[in-house]
Peer 1: 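Before I ask anything, here is the structure I am working with.
Computed over heavy atoms, backbone and side chain alike; hydrogens, waters and symmetry mates excluded.
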Amino acid sequence: MKQVIVVNEALALPPGKMAAQVAHAAVGALLNAPAEKQSAWFRVGMPKVVLRCGSEEELFELARQAEEAGLPAMVIRDAGRTVVAAGTPTCVGIGPDEIARIDAVTGALKLMR
């Protein structure tokens with residue numbers, strides 16, 4: 001079990017802003033997961049990985065693939081109060097779910113730096 005959050009690296013978000021957006025995605029995707037996946041994830045220590053993609057288009061494609069695969073997912077759009085315009089998609093949370101199922105969608109992505 002794990003959860004993955006993918007950040008749109010093209011936005012070059014400051015570290016604090018990125019941390020907040022990642023937190024939104026982690027909570028949002030968790031709330032979209034079935035109770036049994038939530039419980040299993042809690043039991044193994046809530047593992048999560050933060051990855052990066054290069055564009056808004058890639059972010060939406062990953063969300064589409066996750067949803068097609070039956071994975072819990074949530075795209076986060078910023079409120080626009082600080083760094084980016086309102087409605088800007090910043091990241092997508094995927095999971096928690098089985099590692100192999102998530103890796104089938106996100107396995108080729110690199111870690112966020």
Peer 1: Salt bridge check: are Arg64 and Glu61 linked by an N-O gap of less than 4.0 Å?
Peer 2: yes
Peer 1: Using 0.5 Å steps for rounding, measure from the CG atom of Leu11 to the CD atom of Gln21.
Peer 2: 9.0 Å
Peer 1: Mark yes or no for whether Gln3, through its side chain, and Ala26, through its backbone, hold a donor-acceptor pair below 3.5 Å.
Peer 2: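 The answer is yes, because a donor-acceptor pair under 3.5 Å joins these two groups.
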Peer 1: Members other than Leu30 in its cluster, when Ile, Leu, Val, Met, Phe, Trp, Tyr link by side-chain heavy atoms under 4.5 Å?
Peer 2: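 So far as hydrophobic clustering goes, Leu30 is joined with Met1, Trp41, Phe42, Val44, Met46.
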Peer 1: Considering non-hydrogen atoms only, spot the tightest contact between Ala25 and Cys91 and give its length.
Peer 2: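 Closest pair (atom of Ala25, atom of Cys91, distance): CB-SG, 3.7 Å.
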Peer 1: OG1/Thr90 to CG/Leu59 distance, rounded to the nearest 0.5 angstrom?
Peer 2: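 Rounded to the nearest 0.5 Å, the OG1-CG separation comes to 7.5 Å.
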Peer 1: For residues Ile94 and Gln65, determine if any side-chain heavy atom of one lies less than 4.5 Å from a side-chain heavy atom of the other.
Peer 2: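 Side-chain contact under 4.5 Å: no.
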Peer 1: Taking all heavy atoms of Gly54 and all of Ala10, pick out the closest pair and write down the distance.
Peer 2: O-CB, 3.3 Å
Peer 1: Locate the shortest heavy-atom distance separating Cys53 from Glu58; write the atom from each residue and the value.
Peer 2: CB-CD, 3.4 Å
Peer 1: Among Leu13, Val50, Ile76, which residue meets the side chain to side chain contact (heavy atoms under 4.5 Å, CB included) test with Val22?
Peer 2: Val50
Peer 1: Shortest non-hydrogen contact from Ala29 to Pro96?
Peer 2: O-CD, 4.5 Å
Peer 1: Assigning hydrophobic clusters by single linkage (Ile, Leu, Val, Met, Phe, Trp, Tyr; side-chain heavy-atom cutoff under 4.5 Å), is Val7 placed with Val49?
Peer 2: no
Peer 1: Apply side-chain hydrogen bond (donor to acceptor under 3.5 Å, both in side chains) to Ser39 and list each qualifying residue two or more places apart in sequence or on a separate chain.
Peer 2: none
Peer 1: Within this structure, what is the CG-CD distance for the pair Asp97 and Gln38, rounded to the nearest 0.5 Å?
Peer 2: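 Reported to 0.5 Å precision, the distance equals 11.5 Å.
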Peer 1: Under a 3.5 Å distance rule, please check whether Thr106 uses its side chain to pair with a backbone N or O of Ile102 as donor and acceptor.
Peer 2: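 At least one qualifying donor-acceptor pair exists.
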Peer 1: Any non-hydrogen side-chain atom of Val92 less than 4.5 Å from a side-chain atom of Ile5?
Peer 2: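 Result no, sub-4.5 Å side-chain heavy-atom pair not found.
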Peer 1: Do Leu51 and Met112 make a side-chain contact, defined as non-hydrogen atoms from C-beta onward lying under 4.5 Å apart?
Peer 2: no
Peer 1: Does any N or O in the side chain of Asn32 come within less than 3.5 Å of the main-chain N or O of Pro72, such that one atom is a donor and the other an acceptor?
Peer 2: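 Looks like no, no N/O pair under 3.5 Å.
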Peer 1: Linking directly or through intermediates, with side-chain heavy atoms under 4.5 Å: list the remaining ILVMFWY members grouped with Leu31, chain and number order.
Peer 2: Val27
Peer 1: What closest approach, in Å, do Lys2 and Ile99 show between heavy atoms, and which atom pair accounts for it?
Peer 2: CG-CG1, 4.0 Å
Peer 1: Does the pair Asp78/Lys17 count as a salt bridge with the N-to-O cut at 4.0 Å?
Peer 2: yes
Peer 1: If you group Ile, Leu, Val, Met, Phe, Trp and Tyr by side-chain heavy-atom gaps below 4.5 Å, do Val83 and Met18 land in one group?
Peer 2: yes
Peer 1: To the nearest 0.5 Å, tell me how far Leu71 CG sits from Glu98 CD.
Peer 2: 10.0 Å
Peer 1: What is the distance from atom NE2 of His24 to atom CZ of Arg77, rounded to the nearest 0.5 Å?
Peer 2: 14.5 Å
Peer 1: Taking NZ, NE, NH1 and NH2 as the nitrogens, is one of them in Arg113 or Glu9 under 4.0 Å from a carboxylate oxygen of the other?
Peer 2: yes
